[in-house]
K.L.:
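My questions will all concern the structure given below.
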4 protein chains.
Amino acid sequence: MADQVEDLTGSCAKPQRRSIGAKRNPATEEAILGAAQEILRDKGVKGLSMEAVAKRARAGKATLYKWWPSRGALLVAVYERAKGEHVHEDKGTLIATMAAFYRYVFDFWRTAEGQVFALIIAEAQSDADVAEALERYRKERLVALAEVVDRSQARGELIEGAQAEALAETIMAAAWMRLITGRLDSDPERLAHEVLDGWMVGNR
Amino acid sequence: MADQVEDLTGSCAKPQRRSIGAKRNPATEEAILGAAQEILRDKGVKGLSMEAVAKRARAGKATLYKWWPSRGALLVAVYERAKGEHVHEDKGTLIATMAAFYRYVFDFWRTAEGQVFALIIAEAQSDADVAEALERYRKERLVALAEVVDRSQARGELIEGAQAEALAETIMAAAWMRLITGRLDSDPERLAHEVLDGWMVGNR
Amino acid sequence: MADQVEDLTGSCAKPQRRSIGAKRNPATEEAILGAAQEILRDKGVKGLSMEAVAKRARAGKATLYKWWPSRGALLVAVYERAKGEHVHEDKGTLIATMAAFYRYVFDFWRTAEGQVFALIIAEAQSDADVAEALERYRKERLVALAEVVDRSQARGELIEGAQAEALAETIMAAAWMRLITGRLDSDPERLAHEVLDGWMVGNR
Amino acid sequence: MADQVEDLTGSCAKPQRRSIGAKRNPATEEAILGAAQEILRDKGVKGLSMEAVAKRARAGKATLYKWWPSRGALLVAVYERAKGEHVHEDKGTLIATMAAFYRYVFDFWRTAEGQVFALIIAEAQSDADVAEALERYRKERLVALAEVVDRSQARGELIEGAQAEALAETIMAAAWMRLITGRLDSDPERLAHEVLDGWMVGNR
DNA sequence: TCATAAGCGAGACGGTACGTCCAGTCTTACG
DNA sequence: CGTAAGACTGGACGTACCGTCTCGCTTATGA
């Protein structure tokens with residue numbers, strides 16, 4: 001006990017955030033999310049407990065639970081902070097654009113921060129709040145994807161029966177499937193073809 | 001806590017399985033998997049701890065760990081025991097067959113036992129053994145699905161470029177996507193169309 | 001976190017008590033009470049938290065709570081273990097005997113272990129179980145004291161109206177009063193006189 | 001938690017004391033001590049935390065700590081405020097007077113506010129400031145009691161050897177003993193006799 | 001036939017993390 | 001400067017499971 005205290009004061013002369021009055025301290029939020037990210041990198045997702053995050057961030061557990069009432073909520077926050085806002089750069093054809101998209105997300109999901117997304121999906125299976133957040137996120141991404149498909153459709157790339165949103169979901173599902181079954185090494189190009197070829201006008 | 005005590009005294013007046021010598025007691029396995037299933041029904045997936053299963057089954061924890069070395073392994077066993085072996089009955093067209101398949105799995109996944117599958121996916125994200133079991137299961141189901149697609153292809157339903165296995169995976173992905181995002185109320189018929197229409201020969 | 005583990009394994013190669021089957025391990029009880037005593041000596045009563053005891057004893061908190069369901073219960077156990085069974089040695093007169101008694105308890109209450117008794121009294125004010133244990137203890141000691149008074153009465157030392165038990169309680173109360181008001185440096189001899197003189201036959 | 005919210009909305013529609021400039025606001029002190037008393041009545045001594053008092057009084061915690069630097073200090077203040085200043089009314093004989101005294105304090109100690117005194121004794125065992133306050137209080141009451149004994153002695157009720165202050169302490173000790181061992185239902189009359197008979201001149 | 005090897009129920013054990021509570025310190029914004 | 005508000009670190013609380021262990025018992029098998 002005494003040892004630990006000594007260790008702490010001995011090993012790190014951290015600046016020790018304090019309250020900034022009766023309002024949320026952004027530095028604290030920053031420190032906590034940062035700590036979560038560090039732990040992810042160092043220990044992996046299994047090490048990411050509320051306890052560990054609090055300790056690493058030198059934050060009280062109560063503070064964590066105040067702002068992120070569950071592990072799931074924290075996961076979502078960490079993911080939100082880490083994920084770059086991917087914009088679907090138009091590569092000329094839908095297939096190429098989607099291949100680039102697959103390449104991007106697979107690369108990201110392989111990073112320490114990206115792995116959080118798999119965790120979020122996992123957590124969503126038993127935490128309704130996370131499920132809701134995940135669903136929100138899915139819809140948001142769906143819209144972005146559907147837009148790309150829409151543009152492709154406008155260009156006349158797609159067959160008549162194609163519905164942008166339905167196709168967008170099929171595209172997403174293929175990616176998520178690779179994620180949850182640990183096959184992020186799949187070839188993005190090939191995958192794009194496997195998912196989309198049927199819908200392209202060329203292949204009658 | 002009180003529940004557990006009641007459960008113990010209520011459900012059994014000490015039938016007390018014992019060892020049947022130096023070999024695995026099938027009654028024990030049965031009791032454990034049965035207990036797991038009961039807990040799933042009564043308390044939901046959150047209540048399914050090794051501890052609780054052992055208590056409910058009146059089994060020693062060591063026995064559990066001997067045969068199912070982790071929660072994940074137990075989950076898989078419970079799922080294996082519960083899932084009926086779905087055979088893809090040919091409905092004439094691929095779309096109809098797949099619609100029936102979607103209807104079947106969505107119905108099953110909504111049952112207490114079926115919910116275990118979502119849990120397995122969740123567990124697979126952090127338990128390599130479960131991931132492996134899941135991957136084995138995926139491949140097995142993929143083969144079964146691909147066969148159906150193959151038959152459809154032989155009938156000339158599908159366009160030229162269609163690859164049975166790739167299409168099968170797309171079909172699966174669509175289902176799993178609905179599962180993990182909690183949309184098992186999706187319309188199977190519609191979904192089958194959304195996934196497959198592009199690949200059918202009719203829609204050039 | 002990792003640091004702590006390393007520290008623990010590094011600094012002490014303790015024998016690590018294990019379960020000895022489905023029954024209480026006496027070594028564990030010993031280790032826990034011993035740890036409690038050590039903490040008392042090192043950090044004083046304020047440091048005696050369940051947490052600290054568990055840590056020092058290298059015992060799980062659950063183990064502590066299993067056998068001593070509250071801090072109070074642990075305190076009582078520590079006290080029971082530490083207190084010598086004082087036998088009232090007859091010094092010839094009641095006054096002398098009681099003076100010796102006062103000297104003995106005051107000396108004991110000043111030791112680290114003895115200080116626990118004050119804590120028990122404190123805890124008894126808000127923990128019914130401790131209150132009960134304290135009351136049991138009081139009665140037990142009362143009987144022992146009353147016997148001494150009885151013998152004195154039999155010798156004709158006491159005036160007629162004296163009731164052994166009532167007098168015994170007065171004697172105890174005087175001691176406890178000094179304890180809870182932190183005046184254990186009172187002169188035992190003098191105190192014995194102040195409490196008893198009125199009841200002795202000499203002082204008409 | 002819910003209770004507190006209800007309390008807040010229930011008891012006050014934001015009367016909201018404010019600073020009255022660079023000096024102590026008596027209304028605040030009043031509100032705080034009042035809140036403490038209310039909590040005592042509603043939740044008992046266990047609910048009396050600085051946090052809860054601040055909430056109920058709609059006072060900042062800083063304000064509490066400014067005027068009462070510890071829980072102990074607050075307890076003492078609450079007790080000081082609640083206890084009536086008992087004046088020992090002369091009942092003719094010392095025994096009768098003391099019986100009345102015992103009856104009075106036992107009755108008081110049984111009230112919600114009176115229970116604080118037991119808490120103060122408890123707190124005094126580990127908080128030096130409270131111990132000091134308690135000791136001050138003890139001495140003050142001792143003087144008052146000794147005066148009564150003195151008057152009795154002057155009337156010739158007591159035997160020669162009796163020392164007013166020593167006897168007063170014995171009288172107090174008997175009362176405190178009943179308090180800390182939860183026997184406030186003791187018969188005051190009887191107790192007075194048990195403590196004092198030996199010292200009265202009648203009983204030679 | 002009887003030792004021995006395993007299966008089994010039971011549950012204690014050291015641990016980790018949980019989510020809650022409170023202590024005591026601090027800052028802001030208002031008066 | 002006093003005050004209400006409440007965020008903050010820190011740490012103990014008591015609980016729930018984890019996975020490992022040992023006990024004492026049972027039964028089948030092979031020496």
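Every chain is numbered from 1 and lettered A, B, ... according to where its sequence line falls, protein lines coming before strand lines. The structure displayed is predicted, hence computed values, not measured ones.
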K.L.:
Rounded to whole Å, please give me the gap between CZ in Arg17(B) and P in dT27(F).
P.N.:
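From Arg17(B) CZ to dT27(F) P: 15 Å.
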K.L.:
Return yes if the base of dG6(F) and the side-chain atoms of Ser19(A) contain a donor-acceptor N/O pair under 3.5 Å, otherwise no.
P.N.:
yes
K.L.:
For a quick test of reading the model, state the closest non-hydrogen atom pair linking Ile20(C) to Asn25(C) and the distance between them.
P.N.:
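Minimum heavy-atom contact is CD1-CA, 3.6 Å.
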K.L.:
Rounding to a whole Å, what distance do you find between Leu64(C):CG and dA12(E):P?
P.N.:
14 Å
K.L.:
Hey, is the side chain of Lys66(B) poking within less than 4.0 Å of OP1 or OP2 on dG7(E), counting only N and O atoms?
P.N.:
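Affirmative; the distance criterion is met.
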K.L.:
From the options dC8(E), dG14(F), dT20(F), select the nucleotide whose nearest atom is closest to the side chain of Tyr65(B).
P.N.:
dT20(F)
K.L.:
Give the rounded distance in Å between these two atoms: CG of Asp129(D) and P of dG24(E).
P.N.:
11 Å
K.L.:
With sugar-phosphate meaning primed atoms plus P, OP1 and OP2, does Thr63(A) contact a base, only sugar-phosphate, or nothing at under 4.0 Å between heavy atoms?
P.N.:
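Counting heavy atoms under 4.0 Å across all strands, the contact made by Thr63(A) includes a base.
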K.L.:
Below 4.0 angstrom, N of the basic side chain to O of the carboxylate: do Arg17(A) and Glu29(A) qualify?
P.N.:
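Salt bridge: no.
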K.L.:
Heavy atoms under 4.0 Å, any strand shown: does Ala62(A) hit a base, just sugar-phosphate, or nothing?
P.N.:
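Touches a base.
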K.L.:
Check this for me: does any side-chain nitrogen of one of Glu51(D) and Arg71(D) sit under 4.0 Å from a carboxylate oxygen of the other?
P.N.:
no
K.L.:
Think Trp67(D) has a side-chain N or O under 4.0 angstrom from the OP1 or OP2 of dT3(F)?
P.N.:
yes
K.L.:
Taking only the side-chain nitrogens and oxygens of Arg71(A), find out if one of them lies under 4.0 Å from OP1 or OP2 of dC18(E).
P.N.:
no
K.L.:
Measure distances between side-chain N and O atoms of Ser49(C) and base N and O atoms of dA12(F), and say whether any donor-acceptor pair falls under 3.5 Å.
P.N.:
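There is none.
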K.L.:
Could you state the CZ-P distance from Arg58(B) to dT26(F), rounded to the nearest angstrom?
P.N.:
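For the pair Arg58(B) CZ and dT26(F) P, the rounded distance is 16 Å.
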K.L.:
If I take atom CZ in residue Arg18(C) and atom C1' in nucleotide dC18(F), what distance separates them, rounded to the nearest angstrom?
P.N.:
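From Arg18(C) CZ to dC18(F) C1': 14 Å.
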K.L.:
Where the side chain of Lys61(B) is concerned, which of dT9(F), dG24(F), dG11(E) is the nearest nucleotide?
P.N.:
dG11(E)
K.L.:
Could you pick out which residue, Glu51(B) or Lys23(C), lies toward the 5' side of DNA chain F when each is mapped onto its nearest nucleotide?
P.N.:
Glu51(B)
K.L.:
To the nearest Å, give me how far apart CG (Asn25(B)) and C1' (dA6(E)) are.
P.N.:
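Checked: the CG to C1' distance equals 13 Å.
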K.L.:
With a 3.5 Å distance limit and no angle check, can you tell me whether Lys46(D) reaches the backbone of Ser126(C) through a side-chain donor-acceptor pair?
P.N.:
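Flag set: sc Lys46(D) to bb Ser126(C) pair under 3.5 Å.
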K.L.:
Could you check Gly47(B) against Gly21(A) and say which one's nearest nucleotide on DNA chain F is further toward the 5' end?
P.N.:
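Nearest-nucleotide comparison on DNA chain F picks Gly21(A).
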K.L.:
Separation of Arg56(D) atom CZ from dA4(F) atom P, in whole Å?
P.N.:
16 Å
K.L.:
Return the value, rounded to whole Å, for the distance between atom CH2 of Trp68(D) and atom P of dG24(E).
P.N.:
15 Å
K.L.:
So, is Thr28(A) close to the dC8(F) phosphate, meaning a side-chain N or O under 4.0 Å from OP1 or OP2?
P.N.:
yes
